[in-house]
Amino acid sequence: MNKTAIVRCEHFNAAHRLHNKIWSDTKNKEVFGKCNNPNYHGHNYDLKVKVIGECDPDTGYVIDTKILSDLIKEKVLDRFDHKNLNLDTEEFKDLNPTAENIAIVIYKLLKAELSSQFDLKIKLYETPRNYVEYPY
Ligand code: NI
């Protein structure tokens with residue numbers, strides 16, 4: 001068994017607003033604070049995509065990093081980079097764009113494209129001090 005993890009680091013910028021439609025404005029402000037700002041705010045997201053699998057005996061790769069980076073660009077960066085997540089994306093029209101939910105959405109987008117022989121883990125930094133992991 002030569003299971004190894006390869007990690008691709010990527011970056012995107014996006015705006016969002018944390019808001020729960022079924023709550024009052026007061027409750028939204030109480031719970032989400034500055035992140036509930038009606039006119040949105042931006043983050044510089046750092047994304048680490050970890051693919052775990054057997055090293056291919058012919059190439060010595062778990063997965064070709066070019067294939068992985070093209071996949072992340074097509075499925076994640078082209079979709080979310082320089083976008084307003086609430087207004088510009090289907091994924092967050094009815095889903096609060098917290099770092100947790102963004103990581104889960106990214107996982108699902110990439111998992112659907114990867115061969116089932118791979119395990120996938122997403123780490124998403126919303127700030128240098130706050131990040132989420134999915135699956136944990
Ligand atoms: Ni925020």
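Both counts, for ligands and for their atoms, begin at 1 and track the order of listing.
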Do the charged groups of [X] and [Y] touch, with an N to O distance under 4.0 Å?
X	Y	answer
Lys66	Asp70	yes
Glu90	Lys93	yes
Lys111	Glu113	no

Could you enumerate the protein N, O or S atoms under 2.8 Å from the Ni ion (ligand 1), written like residue then atom name?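 As for protein N, O or S atoms lying under 2.8 Å from the Ni ion (ligand 1), they are His16 NE2, His41 NE2, His43 NE2.
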
Among side-chain atoms of His11 and Asp46, is any donor-acceptor pair under 3.5 angstrom?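 A donor-acceptor contact under 3.5 Å links the two side chains.
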
Please report the C-alpha distance between Tyr131 and Tyr45 in whole Å, then the side-chain angles of each, then the deciding distance to 0.1 Å, and finally whether the ring pair (Phe, Tyr, Trp, His ring centres under 6.0 Å) criterion is met. CA-CA 9 Å; Tyr131 68 86; Tyr45 290 98; over 10 Å; no

Test side-chain contact (heavy atoms from CB on, under 4.5 Å) applied to Arg79 - qualifying residues, sequence neighbours left out: Lys75, Glu91, Leu109

